Amino acid sequence: MPLDPDLMPRFLSATPTQQLRPFMHGGPPRTRSIGDRLREDLENPVYIQGPGNRRYRQVTVARDVAQAIVGLIGAQPRRSDILVDLFAEGNLTAGRGVEAFRQTYAETFLLAVTLLPAGGPRLADLRVDEIARILSSASPAGKMLREALTYPGRQPAPVDPIDGGPGFSIPPGIPPELLVAAERFAAMGCAAATRTAFGRWGAGVAAAAPRYLENAITDLQPRDGCVGEEIRIVGAGFGAGVASGIVFSGLGGSPILVPANDVLQWSDQLIRVRIPAAARRGPVGVVTFPTGGGPLGDLGAQVIGEVQACFGPAVMARIEQIIGNFITPPIGYPPVQANMANMFLGGPPIIETFSVSPGRTLHPGQTVKLTWSVIGATRIEIVALAVPGSAPHELPAIPAPLAGAEGFVEVVVPGTTAWRGIYALRASNRCTGAGPAVEHQLEFEMVFRRGLALGGGGARGDFQAGALEYLYNERGYRPQAIAATSVGAINAIELLMGDDDPPVGGGAAVSAASRLGTTWRLLVDETSMFLDQPWLANARPRIRRLIRSLSVEGVMALPYTIVGDAVVAGELASDLGLDGSLAPSGAFSLAPIEVRARATFQQDRVNANGIALRLATVSLETGEVVQVNERGEVQTTGPQPVRPYWVQPPPVTDVIDGAIASSTMPAVFSARRLGDHMCVDGGIRDVVPVNIAIRDLGCNEVIAIRCSAPPALQETNPRRSLAEALARSVLGIVFDELADNDVSPFSGWGPNVQVLTIQPNIDLHDTIVVEPGLIHIGMDYGWMRAADILAVPAASRARAIALSDQIAHLRSENWRHAHWANGLRYQDPHRSFTDFAFSNMMPPASNEIQPTLTPEAIDAIRGNCRIIRDALAERSAIRAPNHPARNQWFTQWEIINGAALTADPWAAYVSEVGDRLAEPPPAPV
């Protein structure tokens with residue numbers, strides 16, 4: 001916000017915020033803010049019955065409010081202040097910023113003059129003009145006071161601090177011309193009327209509210225008495241005790257009036273009373289009650305009438321509510337005398353604080369820090385207690401007694417099961433006697449949560465789906481939490497809804513993983529997952545063929561390839577927005593996936609199932625991870641981007657939005673908006689989001705399922721192109737390294753967190769290739785690999801893994817041979833990046849392969865099938881689980897796009913180029 005030159009020096013000379021913070025704290029209990037305690041006073045009123053059956057409203061925070069106001073006024077001199085002209089002509093509708101500021105000004109002003117009389121005689125005499133100055137100030141003092149007292153929290157939102165300023169912000173919507181000197185502000189009509197009306201209200205409250213005698217007590221005998229015991233209050237000027245009383249301090253600074261029948265003697269210099277039951281350590285005061293006057297309703301009505309024209313309806317509603325809260329005059333807790341002679345040191349101990357960090361939700365092996373602050377205790381201990389209905393807790397015993405009124409202790413909490421337990425801080429002294437100690441409890445929950453971390457990999461998610469079928473259907477595994485990225489996020493949608501109910505009339509329920517597997521097996525080709533964006537669909541056929549011929553690596557590197565060929569660049573520039581026109585945000589759309597997901601997704605099932613979810617995406621604006629939970633809520637701990645005026649407010653999001661955003665590969669698919677973030681594939685930062693499962697979802701046992709194999713060994717190639725090097729290094733090796741760090745960081749996950757990784761060793765197809773036959777093989781491969789990791793004994797696991805790799809590889813070879821044997825066309829499932837970057841070569845017209853009938857393919861298939869059968873038999877011998885469909889792998893054709901010439905590869909094969917006799921298939925395993 002630009003400021004006039006004469007205003008900037010005022011801001012720069014204002015008292016820094018950090019120097020004002022001490023004025024906003026103080027008074028028991030120290031763990032709650034002034035604003036929180038004030039809200040409790042207003043929402044849960046407590047009344048004290050005074051002489052003549054008159055009621056007075058207890059306000060525990062009055063003293064602290066009064067001290068804060070005095071401190072802030074003294075800390076912010078008039079000469080360095082700068083005020084907001086709220087009532088200048090034409091400003092009543094000057095914008096939301098002015099309206100919000102005017103509302104906080106009125107609310108805080110009224111609360112201040114109402115509570116000051118309950119804070120002590122000196123504070124009640126404070127000039128109203130000084131209160132008005134601070135409350136209308138744009139300086140830190142005014143901002144802090146408005147934020148502390150505004151009820152229920154309608155303070156102006158902060159904006160960016162002024163460069164070089166004292167660390168505060170000007171309220172939004174307040175233009176510099178409304179920031180004026182105090183002298184001009186004081187002359188405004190509405191400002192003067194507000195000061196007069198609110199000042200009269202404050203004076204009326206002061207006249208009707210009880211007042212404490214100042215510095216009247218010289219001694220308390222004894223100072224450390226207990227409840228029910230007699231205490232002698234020595235001093236001068238107590239009077240005859242007519243319309244007077246003795247007030248002790250209670251918990252939270254509440255005033256405790258001694259009942260009349262417990263006042264044993266009253267004279268001008270000596271008062272004898274019994275200590276009331278609720279009395280605690282703190283100041284004792286002699287209070288006098290007004291003998292005239294009554295409720296403040298009539299005065300409140302006058303005040304409302306006088307300021308009606310200066311404020312809008314919303315502000316007046318708040319003024320009326322505040323005045324209505326204080327028709328009964330307030331009474332605060334006793335002030336502390338300068339000589340401390342009125343400090344009562346008896347009663348039971350006071351537990352000021354008992355807290356834990358980092359929190360009461362525990363994970364196995366976590367170190368927690370218990371911190372306490374206790375007043376007036378001779379013995380302090382922390383004991384571990386059981387929670388009824390819970391498994392036995394494992395909270396370590398803490399040696400007693402604890403030394404010091406303030407301190408901390410750190411303990412390491414084991415966790416072998418889920419349980420709840422309590423740490424109780426107990427404090428005792430002479431006044432507790434043989435009775436129970438003063439106690440404050442903290443309940444803890446040991447979260448023993450198992451979860452899934454589902455990584456990304458595009459169409460290679462078929463491997464993940466197969467692994468999930470093994471987990472769900474063979475192991476009975478059900479996660480309590482799921483963290484997912486990219487295609488893992490798409491798979492998570494189905495898992496989130498839980499298993500189907502058993503069918504009517506009997507039968508087995510369908511698991512969520514089985515439903516997911518069915519979805520994968522019904523995919524036909526790439527159009528089952530993504531479609532061309534309209535700009536690409538309408539592009540020239542040659543351009544379209546060029547882009548569709550590329551792998552995902554090729555699409556992401558497309559700008560480099562275009563620059564490498566001047567002719568191609570010239571022809572594609574307008575279509576791709578490279579000429580400065582509006583560029584497309586992505587080449588393809590995930591519409592088929594989204595339509596399918598929205599047709600089946602049921603949020604009520606998600607809510608009933610209770611699985612915690614985090615879908616990982618990355619904000620293009622901030623570069624930070626943005627998560628979506630099981631309720632579709634956007635969650636981020638990073639900075640928020642600034643939304644320009646021309647951008648619409650954030651749309652409502654759901655789980656499907658999060659899954660699509662998490663699957664949006666940059667430059668390939670269009671970014672999805674989540675809140676004010678345009679989000680893309682979470683795999684940019686979290687390829688396999690194990691850290692989210694552990695850190696954000698509290699999982700102690702995580703099964704991480706990766707979709708892609710480590711980079712395959714390649715031959716030496718001095719002729720490797722720049723684009724191929726880019727695809728190999730950045731999109732292959734780097735991503736694999738990121739995934740390795742995700743599942744196994746250098747520092748580890750800690751001794752009580754277990755992470756198991758299920759990952760293929762070979763990639764059957766590229767990340768954007770959807771081929772039904774390879775999907776079936778990939779799912780079966782995932783099933784076997786999950787069994788290798790979770791069910792095979794450690795001594796045999798390496799061999800089981802080698803066998804499942806071999807079987808998957810041979811089956812993929814048989815898929816290729818099946819096309820050759822039947823004269824069917826297929827596309828290379830590993831459509832590598834086309835080698836034409838930075839060259840004058842045009843891209844190849846097609847990478848489709850047109851085979852002819854090949855009898856030798858039958859020989860290859862049969863040989864591979866025999867090896868597959870032997871590998872399955874060996875798996876059984878080493879107790880490695882085999883898939884239910886295993887016998888089909890070596891007796892039938894792999895699924896191909898087209899009709900096979902024979903029923904199976906073991907039948908008689910006849911072709912123009914060669915024949916093969918029928919052979920019996922191998923025996924079942």
Side-chain angles (χ1 to χ4, degrees), residues 27-29 32 34 37-66 111 114-121 123-124 202 204-214 216-217 227-228 231 233 238-264 266 271-297 299-300 322-336 342 344 347 350:
R32 293 157 60 210
I34 290 177
R37 292 161 59 202
L38 174 59
R39 278 183 263 285
E40 186 173 316
D41 283 341
L42 297 179
E43 294 171 355
N44 304 296
V46 177
Y47 296 96
I48 290 179
Q49 200 75 25
N53 291 325
R54 290 186 177 178
R55 292 200 313 168
Y56 298 91
R57 182 165 186 156
Q58 171 184 293
V59 183
T60 65
V61 79
R63 182 78 180 173
D64 299 323
V65 169
L111 282 167
T114 301
L115 299 178
L116 280 172
L123 302 176
V205 172
R211 296 174 69 94
Y212 287 99
L213 299 182
E214 191 171 6
I217 298 175
V227 171
I231 186 171
I233 303 173
F238 297 152
V242 179
S244 298
I246 300 298
V247 177
F248 280 77
S249 297
L251 285 176
S254 58
I256 306 299
L257 180 65
V258 177
N261 57 355
D262 283 337
V263 178
L264 307 177
W266 192 298
I271 303 173
R272 295 170 46 236
V273 299
R274 291 191 184 94
I275 300 171
R280 294 295 185 271
R281 289 185 163 227
V284 174
V286 181
V287 66
T288 61
F289 295 90
T291 56
L296 300 170
L299 177 58
I322 293 171
I323 288 179
N325 284 330
F326 291 102
I327 296 301
T328 301
I331 178 173
Y333 66 94
V336 180
N342 69 328
F344 173 61
I350 297 175

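Quantities reported herein were computed from a predicted structural model and do not represent experimental measurements.
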**Complete:** Tightest non-hydrogen contact, residues A62 and L115, listed as CB-O, 3.8 Å

**Message:** Do T328 and Y47 have side chains that approach each other closer than 4.5 Å (heavy atoms only, starting at C-beta)?
**Reply:** yes

**Asked** Could you state the interatomic distance from CD1 (I350) to OG (S249), rounded to the nearest 0.5 Å?
**Response** 8.0 Å

**Asked** What pair of heavy atoms forms the shortest contact from I34 to D64, and how long is it?
**Response** CD1-O, 4.1 Å

**For the student: nearest non-hydrogen atoms of L257 and G50, plus distance** = CD2-CA, 4.5 Å

**Request:** Please examine the side chains of V284 and P334, heavy atoms only from C-beta on, and report whether any two atoms are closer than 4.5 Å.
**Result:** no

**Asked** Which is it for V273 and D262 under the side-chain contact (heavy atoms from CB on, under 4.5 Å) test, yes or no, and what are the steps along the way?
**Response** CA-CA 6 Å; V273 299; D262 283 337; 5.6 Å; no

**Request:** Run through V247, T60, V46 and flag the one making a side-chain contact (heavy atoms from CB on, under 4.5 Å) with S254.
**Result:** T60

**Non-hydrogen atoms of I327 and G297 that approach each other most closely** = CD1-CA, 3.4 Å

**Request:** Could you tell me which non-hydrogen atom of G204 sits nearest to which non-hydrogen atom of L296, and how far apart they are?
**Result:** O-CD2, 3.8 Å

**Item:** Trace of the side-chain contact (heavy atoms from CB on, under 4.5 Å) decision for V258 with R274
**Value:** CA-CA 8 Å; V258 177; R274 291 191 184 94; over 6 Å; no

**Check: I48 and P255 side chains under 4.5 Å, non-hydrogen atoms** = yes

**Asked** Is the closest side-chain heavy-atom distance between I217 and F238 below 4.5 Å?
**Response** yes

**Request:** Evaluate the ring planes of Y56 and F289, with Trp represented by its six-membered ring, and classify them as parallel (under 30°), tilted (30 to 60°) or perpendicular (over 60°).
**Result:** tilted

**F248 and I231, any side-chain heavy atoms less than 4.5 Å apart** = yes

**Complete:** When rounded to the nearest 0.5 Å, the distance separating CD1 of I271 from CD1 of I246 is 3.5 Å

**Request:** Could you check if a side-chain atom of V59 sits within less than 4.5 angstrom of a side-chain atom of I331, using non-hydrogen atoms only?
**Result:** no

**Message:** Is the shortest side-chain heavy-atom distance between V242 and W266 below 4.5 Å?
**Reply:** no

**Prompt:** Closest approach of A208 and P290, non-hydrogen atoms and distance?
**Reply:** O-CG, 3.1 Å

**Message:** Can a donor-acceptor pair be found, under 3.5 Å and without considering hydrogens, that links the side chain of N342 to the backbone of P335?
**Reply:** yes

**Item:** Reported CD1-to-CG distance for the pair I323 and L299, which is rounded to 0.5 angstrom
**Value:** 7.5 Å

**Request:** May I ask you to test the F344-I233 pair for a side-chain heavy-atom distance under 4.5 Å?
**Result:** no

**R57 side chain vs L42 backbone, donor-acceptor pair below 3.5 Å** = yes

